[in-house]
Each structure stands twice: as structure tokens, then as C-alpha cells.
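Please read the structure below before turning to the comments.
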Amino acid sequence: MSQISPNKINLSLPDGNSREYAAGITAGEVAADISTSLAKKAISATVNGQHWDLAWPIEADASIAIHTLKDEDQANELIRHDFAHVMARAVQELWPDVKVTIGPVIENGWYYDFDRKESFTPEDLGAIEKKMKEIINLRDKVRTEIWPRDKAVQYYKDQNEPFKVELIDAIPGDEPLRMYWHGDWQDLCRGPHLQHTGQLPADAFKLMSVAGAYWRGDSNREMLQRIYGVAFTGKEKLKAYLLMLEEAAKRDHRKLGREMDLFHMQEEAPGQIFWHPNGWTIYTTLQDYMRRRQRAGGYVEVNTPQVVNRKLWEASGHWESYQENMFIVEVDEDHAREKTVNALKPMNCPCHIQVFNQGLKSYRDLPLRMAEFGSCNRYEPSGALHGIMRVRGFTQDDGHIFCTEEQIEDETARFISFLSEIYAELGFTNWSIKLSTRPEKRIGSEETWDQLEKALGNACKAAGYDYEIQEGEGAFYGPKLEFVLTDAIGRNWQCGTLQVDSNMPERLDAAYIGKDGDKHLPYMLHRATLGSFERFIGILIEEHAGKLPFWLAPRQVVVATIVSDADDYASEVCTALKAAGVRAELDIRNEKINYKVREHSLGKVPVILAVGHREVEERTLTVRRLGEKQTNVTSLDDIVSELAKAATPPDLL
RNA sequence: GCUGCAGUAGCUCAGUGGUAGAGCGCGUCAUUGGUAAUGACGAGGUCGGGAGUUCAAUCCUCCCCUGCAGCACCA
């Protein structure tokens, strides 16, 4: 690729030295010039901050760094990318009639979408993996060429690859098309790539699963088959990743929900939860906590109807735009001319406006912070349901702040502090804010959007937080903040939200009398801290792998006897703990202590107090804490006061 | 909703074209035993629902329901 050029260029290396080369030299040639061993190990380069293929020429002065597999970030991107191509080639070698589409790098690996009539089976994945290893062993050189668009289109038409033709059509006209080969196999790709397929770590990848995926993410287009793979720079890292997946599966809230006897679901009520005593204890403990927090935060609590006539939903706009997600309830009264049509509320906001609209409001009433533990029902698409995380019946810790435009920024900042304290008390310190700005389809003037987006951004800064902008992701009526928390194994969950809205108040005729004596339209800030109790509890369970903080644990203490002579004392201990506000249970069953310890440990009870002859004599207890093997002996009074303190919710400490 | 896979005892799972089995759990009895399963005996299912093929279906076919993975959705 390099060509003779009269121009000299200066390349500065990471060690501070710089070297002079003829313009047009490739990064690979630079690596070879530095050392032959580097040339062998090199996989790519970074040139002026851009990830660079070793075969691409460098035309001007630049900073350059050569990468090997040791440079995790670049190496992962590169190998995952080339694995995608190698997999596509393997698939086409095994089934030549399969059409290829796209195969991007994703977290931990890649996927590639194929168009094939028959489904891929798990056995097919094994065959593909085997074929991939063969291709890697061929050590085929990677070659790229830049082609004019017409030539590329014609090529793909000749190859009968219609998806590639469509892909080219979607690429902006001025972008060069980079054609890529390893061996005889070809794909369209912007690169960069490895030097040859042999640089792929053949022992550090695995094909994970096959699933359907829409072409171009459009549910109206054809459904393709997507094969997911994971790859790392070494097999130890792959092993570690697979181990992490096993750990994640162990803390699945659906599994723990059964093991801890928290809740169940059944097919007569898909997407809805039957809470068992243990689970409901978590729920009410969390709800009691939120109720106290909201009172302290200046909210008034209300409660509004579940079944509401369609008239209100027509007025709010939900009937038109949200109907397919609503549970419709028809009532056929004996002498009525027609059926009454109602819907279960999918959201609380229209109802809160009804409360606001009772009586005439003055500017003196604002900001009015109205909260409800609002039970909502949404007919979510069947494929969206997931344990208690995504359900059809749930309760939001909902709230609406009615305020003037000037109050938005302060109220938002105030909410962010409110939320941050709660997240901290619930043990989540790792969370971030996303600001979603005006979408394409929207209402309201540009000036208003400017002001509202600025108000939310300023509020974040005022509360002391940074935010990330999500361009165009706001609601059609206003911008929003999303509060995303990261759990113990790195997964992200959107829980809290705050959305600015004047559309709903307007549609439902909300108004207040201003200083000037005229009617004004209030703004409404839709906000939730936990999101929904159901989802948040699911997150709590997974975050803690079932070992909830003591104050939230549904079963906090089991007093377990070793011999039946200790029954009376154990009962006395249990009573004392209950009186001190601890959720304590008595286990005087005719079972060995080993058995009891095992059972309650599996049930994730944080503290087991064992009682035998010795403890009865000395009026002590042998304390065993969940996750610890050793025990220690404590006096009755000490343990009662210690556990009573641990059982106190954080806001009451 | 779409694609694929799955649905057998409370749970986890094995199994077969001729009306089903294990472990745990549950019940009874014996056992009073120091920190992750004491032993014996016993009771549980008609194999998600419906239709079809067949002399005969839990097993084959079709439809439906529910779940799982991914996609789409989550104003």
C-alpha cells in the first residue's frame, strides 16, 4: 500500500522519541522498523487518537502507538470485530445459501445477524465454532480495498447479498466503502482489522446463543437470526467471564424469590405478583420508609381510583396513544343504554390533576408536591415481562410537583438531593444522571425547550452532580432526567425519573391564580425515586444476592434450640427480640442444629441465635451471622440492643 | 407482539407409542443431637390446556396458554 512520496513525516512514539518516515508509510511498517518481534505481535495502532489498521498509510505528522494483545481496550475491540467476520465466514462455508447482514462489537463480544430459512440449533453453534477454529488456523491475510460505491453495489448484487446492498444505500454518499477480505471471504467493513486470522485467540471465544432480531431493528422488517459470541484476549479472561455469568444466575431474583419464599406468579395472572409474607415484609418495610421520607421531603400523600372511565383517558390523550397498553374494563349494567367503558389506570398523573383541580389553587399553593403509592396496570407486551422487574401490575412511588416555570430548577435540584439521600441509605452509591433532550416529534417552542433543558442541567449542577446527555430521548412534551444505578455486578437499572410537563395540565385544565389575579397553567414534574416497588425490590434482591441489609431482611433472626430443654429460654429470647422491634422467629423443631443452621442459611436469615444447655445456664446466646462460619457468645441484653439497633431503618437512626 | 426453545409430584429433574420415576420437601414414628442435610416408614402427579392421528399418546401432528433467551416495546 505504501507508495514513494517525496514528503517526509514525523511520527512521535509513546516513549517520547520521534522518527522520520516517508509519507504514506503504514503503521505496520513502522512496527517492523521498531522491531521484528513487535511487527509479529502488533495488531493495530492508535494514530492521532484514532484506532488505526496496520495496513493503512499515514500521510502526515502524527503521534502513533502500536498495539498488541496486551492493550486490552484496542485488542478486545479488534478481536471481537474480526471474530464476527470469521464467524460469518464459517457460517457461509457451512451453509452457502445463508445471507449475511451486519455484525457489530458489543460488550464482551459481538453478534452477527444472518438470514437463513432453517433455524440454527445449539449443535450448529458447535459446528460453527469448530469451523471458526479451522479458519483461525489458516492464518489468512487480511486485505482491505476502498471501492467506489457502484462497484460495491454491483458486487453484492452479483453475490446475491441484498442486505449488503441495502446497507450501502444507507451509508452517506461521501463515505468511502472499505471492502475487506480474509482469504477469499469478503465483507463490507470500515475496519480496522488484525493482520491475519491467526492473531485471533482461538481458545478465548465462545458462541453463546441464537435469537431472533429484526433487520435494522424495525419490527416491520424481516426477522433475522442473531448469533451471539463472547471473546477475550486470553482464555483465563473468558473463564472469568463465564464464571461471572454463573454468579449472576445465582442471584437471579426469580430464583431467590422462590428460595426465600418471597412471592410467586402463576399463569392466571401473567405479569402480576402474589406476594408471600416474607416478600410483603420487604415491600411494606420499604414503603413505610418511603412514606416517612416523602413526608419529610414536603410531599402530601393522596390515593386515587384504580378503575377510571374512558372519558378521562380521552381527555388525557391516553385513550388515543396508549390504549393498546391499557386493561379495559367494561361494565354492563342492567338498564343502561350502553356499556360503561373504563380502564385500569396505567399512570397516576391524570388522577393527580383531578385532585389538584379540586378547589381553586393560588400561586401561594405552589409548589405543590403530591405523592401516591400508585398502583398501575399496563398491558405490557408478553415478551417484555421479566420476573418482578417488568410486570403488568405494579406500584410506583409516584409524585407530581405542580409548580411555576421559575420553580422548576429549584424543585428539580431539591428532588435530586432527596433521591440521592435515599439511594445512599438503601446502599446504592454508584449511580448517574442522564438528561434526555428534545425528540424529533415534539410540541412546544424552541425557546421553551431551551429553557427547560437548561433548568434541568442547572439543577443537576446545583445538586452537585454531573449528567450525560441523551440527545433526542426526551418525551414529546418535555425533557427528562433519568437516574440510573449500577448494581454489584455492573448492571445498570433505570429507577428514578423526573419529567417536565405542561401538556397534561393543559389537556386536563389545571390552573392556578397568579399574583396578577389571572389564571395560569402550572407545570407538572412527574417524578419517581424507586420507580416501582416491584422492580426496585427485584434490584435489591439481585444487588445483595438475597442477603438484604438487616433492616430490610424479612426474617431477621431465628432463635434455634439445640436441645428441647432450651425451649423455654429460647421462647423468652424470641419474645424479648420481638418486643424490641426485631423480626424474630422461634425454631424449636425436633431437628439437629446442623439442619436448622443449613435451612436458615439457605433462607438468607442474617442472624441465627443458637440455644443449648450452656446458654440456658449462662443466659447467653451463640450468635451465627449469615456468611460467617465462626460463632460468638453474647449476653441476652447485649444482643437484643444490638439487633434492635440494626433493625432500625436508616432514616430513624 | 416477533424468532427460537421449554412446560412431567410443592421444588430440581430423569423417562417411555401400551395409562410414570429419583432427590429434596411434606406426614408419621424413633432419635435430644453443639453450627450447612439423623434414620425408618408413608402420602403426593395422569405428564400446561384443547383437538387430531392411532387398537392405544405423557411421548407423534395442529391450535392455544404460560415461561425462558434475544429482538421490538418501556409517551
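A, B, ... follow the sequence lines: proteins, then strands. Residue 1 opens every chain. Keep in mind that this is a model prediction, so the values were computed, not measured.
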Quick check on contacts: within residues 374-383 of chain A, what sits under 4.0 Å from RNA chain B by heavy-atom distance?
A/P381, A/S382, A/G383

Between B/G33 and B/U38, how far apart are the two P atoms, rounded to whole Å?
14 Å

Using atom P of each nucleotide, how far apart are B/U58 and B/G50 to the nearest Å?
11 Å

Within the distance-only criterion (no hydrogens, no angle test), does the side chain of A/R392 pair as donor or acceptor with the backbone N or O of A/E380 below 3.5 angstrom?
yes

Atom CZ of A/F114 and atom P of B/G70 are separated, to the nearest Å, by 19 Å

Between A/R254 and A/D252, does any side-chain N to carboxylate O distance fall below 4.0 Å?
yes

Which value, in whole Å, describes the distance between the C1' atoms of nucleotides B/C62 and B/U54?
16 Å

Integer-rounded Å distance: B/G1 P and A/D218 CG
19 Å

Students often mix this up, so state it plainly: with edges at 30° and 60°, are the rings of A/F402 and A/F356 parallel, tilted or perpendicular?
parallel

Salt bridge A/K206-A/E129, side-chain N to carboxylate O under 4.0 Å:
no

Tell me, please, which residues at least two apart from A/Y214 pass side-chain contact (heavy atoms from CB on, under 4.5 Å).
A/S219, A/M223

Provide the distance between the two C1' atoms, one in B/G23 and one in B/G44, to the nearest whole Å.
15 Å

Between B/U19 and B/A57 - C1' atom distance, rounded Å
9 Å

Rounding to a whole Å, what distance do you find between A/Q225:CD and B/C2:C1'?
13 Å

Could you work out the separation of B/G7 and B/C13 based on their P atoms and round it to a whole Å?
10 Å

Check the chi torsion on B/G23 and let me know: syn if it falls within 90° of 0, anti if not.
anti

Pick base, sugar-phosphate or nothing for A/Y228, based on heavy-atom distances below 4.0 Å to the nucleic acid.
sugar-phosphate

Specify the separation, in whole Å, of atom CD of A/E118 and atom P of B/U3.
16 Å

Taking the P atom of each, how far is B/C59 from B/U46, in whole Å?
15 Å

Is a donor on one side and an acceptor on the other found under 3.5 Å between the side chain of A/D397 and the backbone of A/A371?
no

Span that lies between the C1' atom of B/C11 and that of B/U53, in whole angstrom:
35 Å

Check the orientation of A/F274 and A/H264. Use parallel for under 30°, tilted for 30 to 60°, and perpendicular for over 60°.
parallel

So for atom CD, which belongs to A/E617, do other residues, nucleotides or ligands contribute more than 12 heavy atoms lying within a distance under 6.0 Å?
no

Contact state string [nucleotides 33-48 of chain B, B base, S sugar-phosphate only, - no protein heavy atom under 4.0 Å]
BBBBBB----------

For the aromatic rings, using the six-membered ring if either is Trp, is the centroid distance between A/W280 and A/F533 under 6.0 Å?
no

Is it true that A/E572 and A/R619 make a salt bridge, defined as a side-chain N closer than 4.0 Å to a carboxylate O?
yes

Verify the contact: side-chain N or O of A/H386 to OP1 or OP2 of B/A69, cut-off strictly under 4.0 Å; return yes or no.
yes

Residues which pass side-chain hydrogen bond (donor to acceptor under 3.5 Å, both in side chains) with A/T395, listed by chain and number, not counting sequence neighbours:
A/Y283, A/S375

Return yes if some donor-acceptor pair links the side-chain N/O of A/Y467 with the main-chain N/O of A/L481 below 3.5 Å, else return no.
no

May I have the distance from A/L224 (atom CG) to B/G4 (atom C1'), rounded to whole angstrom?
14 Å

Distance-only donor-acceptor test (3.5 Å): side chain A/R216, base B/C71:
no

Is A/G387 touching bases, backbone alone, or none of the nucleic acid, heavy atoms closer than 4.0 Å?
sugar-phosphate

Where does the angle between the aromatic ring planes of A/F83 and A/W110 fall among parallel (under 30°), tilted (30 to 60°) and perpendicular (over 60°)?
parallel

Flag this pair as yes if the NZ/CZ of A/R258 is under 6.0 angstrom from the six-membered ring centre of A/F263 and inside a 45 degree cone about the axis; otherwise no.
no

Which part of the nucleic acid, if any, lies within reach of A/F120 when heavy atoms closer than 4.0 Å are counted: base, sugar-phosphate only, or nothing?
nothing

Is A/Y214 side chain donor-acceptor paired with the B/G1 base, going by distance under 3.5 Å alone?
yes

Go through residues 248-262 of chain A and report each residue with a non-hydrogen atom lying under 4.0 Å from RNA chain B, sorted by number.
A/R254, A/R258

For A/G317, which contact category applies under a 4.0 Å heavy-atom criterion: base, sugar-phosphate, or nothing?
nothing

In dot-bracket, 5' to 3', how would RNA chain B read with Watson-Crick or G-U wobble pairs under 3.5 Å, [ ] for crossing ones and | for pairs to another strand?
(((((((..((((.......)))).(((((.......))))).....(((((.......))))))))))))....

Nearest-Å distance, CE (A/M265) to C1' (B/C65)?
16 Å

Do A/R535 and A/W493 form a cation-pi contact, if we require the NZ or CZ to be under 6.0 Å from the six-membered ring centre and within 45 degrees of the ring's axis?
no

State which residue, out of A/T622, A/T620, A/T561, fulfils the side-chain hydrogen bond (donor to acceptor under 3.5 Å, both in side chains) condition with A/E615.
A/T622

Closest of B/G67, B/A69, B/G1 to the A/A211 side chain is B/A69

